[in-house]
J.: 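So that we are looking at the same thing, I have put the structure below in structure tokens.
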Amino acid sequence: MKVLVVGKGGREHAIITALHESPTETEIYTFPGSDAIFKLAKPVEADGVASLVAKMKELKIDLCVAGEESYLVKDEGLANACAAAGIPCWGPPKEAAQLEASKEFAKEFMVRQSIPTGGYSSVETVEEARRAIGGQYPTVLKFDGLAAGKGVAVCSNEEDAEAFLDEVLGHRKFGGGRLLVEEYLEGPEISIFASVVDGAYQILAPARDYKRIYDADEGPNTGGMGAVSSLEMFEGDLRKVIDERIVQPTVEGLQNEGLPYRGFLYFGLMLTAQGPKVIEYNCRFGDPEAEAVLPMVVGDFAAHVFEGAKGVLNPDLITFKSGWSICLVSASASYPAGSRSGDVISGLEKVSDARVFHAGTKLNDSGQFETAGGRVLVIVADGSTREGAVANVYRESDKVSFDGMQRRTDIGTRNF
Ligand code: AMP
Ligand code: GLY
């Protein structure tokens, strides 16, 4: 089977590794990919959705996998263009991908389908925003569009809220668009993933990620500094409750509203005292959650995705190992405000009992990997207990270093 994976980060490196290790034989291509990914997948060059799909036709690609979200809503939409070309695509059409691309679309969908989520108002001006906040703090402000993860502010006071309103509605930092003022939800977060094939679905192993740059969940938000995954995170009847109240009504709602969906669907949930509530949907796997979850897959991941993209969900194709999987992100100097490129990474060859996924690296002229982005490496280890997995991932990660490296010391311990 010839498969092409779209994306270039740690998540795509993990997806490609899982495809490569599947019993189904694969010949893997990637766009745009990275030097580390090119060890497993051949690069394809393209310029936009139409040219990428034309290349896939030329190469006789059997399956397209959307690792990242941006191409799903770009131009005519990756899945839409694949459908027109007769190429099965794992990732939804543009219309359904609005669940991620527009926060207001997602909220309206949840209200229509009676899916538990926080209350909200959608506003256009600073005045309207102030009225909607009504002096109630903390409050949550979200720009209604893709903002590279920077469009959300959890504001504990008026000063923070005013600063964000000024940036987003005053100075239009992310361009035109509405703003959602959301009810602040409290509780531990959990990331739930489902493989969705039209009206059918399979819930995968859950995860928890760590979004803040510093230990103890302090400092600014990042793309994610680590993640933990285990089936044991489904304590008591949590899986059943999440399935019945959230996953099933979401999948049925998509189907009933004429929004066909094939691909991974990610539910960002807050486990509040009133039960789980949806914070957001993403139309793809989480990053860095994919790096922790996918190494636990047992079975034929490539067949799971390929059959799914063709409209058949066979729940026997994959299951998950017991125990715990933990991934730890190493970020470059000045992340998340900026990033630093060109710091040579040493010790990669010493890692013996963990996987290394590359999020932002490139090969230099001497053939060494160096930093080339904010999040640089994602090291993943497992263990039969959470404590064991934590010990393993830190022992292996300590073998790797580069100038300016930033890494949290509490991944897998904090929030448990
Ligand atoms: P989002 O981009 O919507 O996932 O938001 C990023 C992060 O902001 C989430 O992972 C939460 O930690 C936090 N957040 C978002 N919405 C809320 C909310 N309604 N209440 C509390 N925290 C939130
Ligand atoms: N880990 C959060 C995300 O992928 O959006």
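Small disclaimer: the values here were computed from a predicted structure and weren't measured. First listed ligand is number 1; within each ligand, the first listed atom is number 1. Counting from 1, the numbers follow the sequence of the chain as shown.
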J.: Classify the contact between Leu185 and ligand 1 as side chain, backbone, both or neither, using a heavy-atom distance cut-off of under 4.0 Å.
T.: both
J.: Tell me, please, which residues at least two apart from Ala132 pass side chain to side chain contact (heavy atoms under 4.5 Å, CB included).
T.: Ser121, Val123, Val181
J.: Under a 4.0 Å N-O cut-off, is there an ion pair linking Glu162 with Arg130?
T.: yes
J.: Heavy atom to atom 7 (C) of ligand 1, shortest distance: which of Met270, Glu100, Glu280, Lys211 holds it?
T.: Lys211
J.: Take the angle between the ring planes of Phe193 and Tyr266 and call it parallel below 30°, perpendicular above 60°, tilted in between.
T.: perpendicular
J.: What about the rings of Phe31 and Tyr71, do their centers lie closer together than 6.0 Å?
T.: yes
J.: What atoms of ligand 1 come within less than 4.0 Å of a heavy atom belonging to Tyr184?
T.: 20 (N), 21 (C)
J.: Hey, what's the ring geometry for Phe369 with His358, parallel, tilted or perpendicular (30° and 60° as the breaks)?
T.: tilted
J.: If we only consider heavy atoms of Lys103, is any one of them less than 4.0 Å away from an atom in ligand 1?
T.: yes
J.: I'd like the atom pairs linking ligand 2 to the protein - N or O on both sides, separation under 3.5 Å - with distances to 0.1 Å.
T.:
| from | atom 1 | to | atom 2 | distance (Å) |
| --- | --- | --- | --- | --- |
| ligand 2 | 1 (N) | Asp209 | OD2 | 2.7 |
| ligand 2 | 1 (N) | Asp287 | O | 3.1 |
| ligand 2 | 1 (N) | Glu289 | OE1 | 2.7 |
| ligand 2 | 1 (N) | Glu289 | OE2 | 3.2 |
| ligand 2 | 4 (O) | Arg284 | NH1 | 2.9 |
| ligand 2 | 4 (O) | Asp287 | N | 2.9 |
| ligand 2 | 4 (O) | Asp287 | O | 3.4 |
| ligand 2 | 5 (O) | Arg284 | NH2 | 3.0 |

J.: Give, for atom OG of Ser229 and atom CG of Asp209, the distance between the pair rounded to the nearest 0.5 Å.
T.: 11.5 Å
J.: Heavy atoms only: which of Glu186, Glu182, Glu189 is nearest to atom 9 (C) of ligand 1?
T.: Glu189
J.: Could you check whether Arg112 pairs with Glu257 (Lys NZ or Arg NE/NH1/NH2 to Asp/Glu carboxylate O, under 4.0 Å)?
T.: yes
J.: At what distance, to the nearest 0.5 angstrom, does CD of Glu396 lie from CG of Leu328?
T.: 11.5 Å
